[in-house]
A.B. asks: 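I'd like to ask you about the structure that follows.
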There are 2 protein chains.
Amino acid sequence: MGNRAQPILCVPVIAVIPFKPVNPKTRLSCLLDQREREAFAEAMLDDVITAVRGTGCDICVLSTSSYSRPGTRVVVDERGLNESLNDFIASSSDPVLVIMADLPLATPEAVNDMLQREGDVVFAPGRGGGTNAIFVRAVRDFHVDYYGASFLKHVRIAGESGLSIGISDSFRLHTDIDEKEDLVELLIHGKGESRRFLESSGFSLKVEKGRVGVERVQ
Amino acid sequence: MGNRAQPILCVPVIAVIPFKPVNPKTRLSCLLDQREREAFAEAMLDDVITAVRGTGCDICVLSTSSYSRPGTRVVVDERGLNESLNDFIASSSDPVLVIMADLPLATPEAVNDMLQREGDVVFAPGRGGGTNAIFVRAVRDFHVDYYGASFLKHVRIAGESGLSIGISDSFRLHTDIDEKEDLVELLIHGKGESRRFLESSGFSLKVEKGRVGVERVQ
């Protein structure tokens, strides 16, 4: 149903996708056991990789623990998200796209639109003050500071370094999957592996008193 | 921070904005009394009108009760949302943009992007299965069916009439303001009247245990 032309990247961009393979997405523990959450996180990672690959970016998965994935470069860094990402960005000579692994609605079109926006840094805000993706053209002058109201922190960090800012406007990149309510978005708008995972695990939409939720039949 | 060129509309489009002036937004009753909710709803309407006006659309506010607004055409229709909108669409000879009055993050760029998408109908999905805006090119062959999982209903209605579908991808049009948590989005990303209303009413962001919420100091 998308219908936009996809410009081809004119400079190399390396996309880095932080990933936690062990015991991820604990806010979904009420619905999914640890083994299922690990499979679900990997399915979401699949969807993000598919979207990013469609733009022509090189991809690196930055994993918090041992993880291998055929056909994809994986770097293991057990430190915190900010430390590992900031070292990654600082050591890159090319622009870096940081994109979270829990954005299964992402499409090549949405990622590409972000990469085409002007700005020394371009942010894709997440719901609730987060930052779901950052395209860092100014790799020497920007650092990330995740957790809490990270979007506002990132805007401030860019401002302090005199960097120009672009904002992505995409609900697909805005929608990170953390909680039960977020699964509604995936069951409505998802088309990839993680939606199939949910459906094959017995999840479906439930409309009750005009509100849309999810239910699981096992 | 937006940086996209704004194509000019090449055909007349009439934008209709449903509006409930009396006792709106009752899910915010925990934070705002009725008089405040009415002022807040009007401030959000202001922001939507500003965004839509920036695209060159004609505008009609479709109000559930007596309401006047200098410089804006207002039609009062006390019937339900679906009945009044479907009569409005069926009687139009031009394409109709239905856009909700509670989308204060809307910008001319986001609305314009929607109007440029291909499709006999173009939907801007709302969070939780809703439909925040619909651009109806096929005014003879489409009708709305709001409430519940309206997005899926609208996709089905279009399919049953053999209409082609476009999907807007904008977090600004995806974010409708209904509940306390939604005010976080407005205080972070809003720039218009409704953000000013919240701030002048004592609302601000509160970061606690890594989560972002709102607090009110009166």
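To find a chain, count down the sequence lines: A is the first, B the second, and so on, and within it residues start at 1.
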A.B. asks: Identify which part of B:Leu205 has an atom lying under 4.5 Å from any heavy atom of chain A, answering side chain, backbone, both or neither.
C.D. replies: side chain
A.B. asks: Establish, from distance only, whether the side-chain atoms of B:Ser164 and B:Asp120 form a donor-acceptor pair under 3.5 Å.
C.D. replies: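 A donor-acceptor contact under 3.5 Å links the two side chains.
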A.B. asks: Using modelled atom types and a 3.5 Å cut-off, is there a donor and acceptor pairing between side-chain atoms of A:Asp169 and backbone atoms of B:Arg172?
C.D. replies: yes
A.B. asks: Please identify, among B:Ala149, B:Gly213, B:Ser170, B:Gly148, the residue contributing the most non-hydrogen atom pairs under 4.5 Å to chain A.
C.D. replies: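 Top count of heavy-atom pairs under 4.5 Å with chain A: B:Ser170.
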A.B. asks: Please flag which part of B:Thr175 lies under 4.5 Å from any non-hydrogen atom of chain A: side chain, backbone, both or neither.
C.D. replies: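 Answer is side chain: those atoms of B:Thr175 sit under 4.5 Å from chain A.
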A.B. asks: May I ask you to decide if A:Leu32's main-chain N or O and A:Arg37's side chain share a donor-acceptor pair within less than 3.5 Å?
C.D. replies: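 Such a contact is found between A:Arg37 side chain and A:Leu32 backbone.
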A.B. asks: Between A:Thr55 and A:Asn112, is any side-chain donor less than 3.5 angstrom from a side-chain acceptor?
C.D. replies: no
A.B. asks: Please rank A:Val212, A:Thr107, A:Leu173, A:Asp182 by heavy-atom pairs under 4.5 Å with chain B and give me the top one.
C.D. replies: A:Val212
A.B. asks: For chain B, which residues of residues 123-132 of chain A have at least one non-hydrogen atom nearer than 4.5 Å to it?
C.D. replies: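 Only A:Pro125, A:Gly126, A:Arg127, A:Gly128, A:Gly129 of residues 123-132 of chain A have a heavy atom under 4.5 Å from chain B.
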A.B. asks: Tell me, please, which residues at least two apart from A:Phe171 pass ring-ring contact (aromatic ring centres under 6.0 Å, His included).
C.D. replies: A:His189, B:His174
A.B. asks: Is A:Ser150 reaching over with its side chain to a backbone N or O of A:Tyr147, donor-acceptor style, under 3.5 angstrom?
C.D. replies: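 Checked: no pair found.
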A.B. asks: Report yes if the side chains of B:Val22 and B:Gln34 come closer than 4.5 Å at any heavy-atom pair, otherwise no.
C.D. replies: yes
A.B. asks: For the pair A:Arg117 (side chain) and A:Ile167 (backbone), establish whether a donor and an acceptor sit closer than 3.5 Å, ignoring hydrogens and angles.
C.D. replies: yes
A.B. asks: Output the option from B:Glu208, B:Arg27, B:Glu181 having the highest count of non-hydrogen pairs under 4.5 Å with chain A.
C.D. replies: B:Arg27
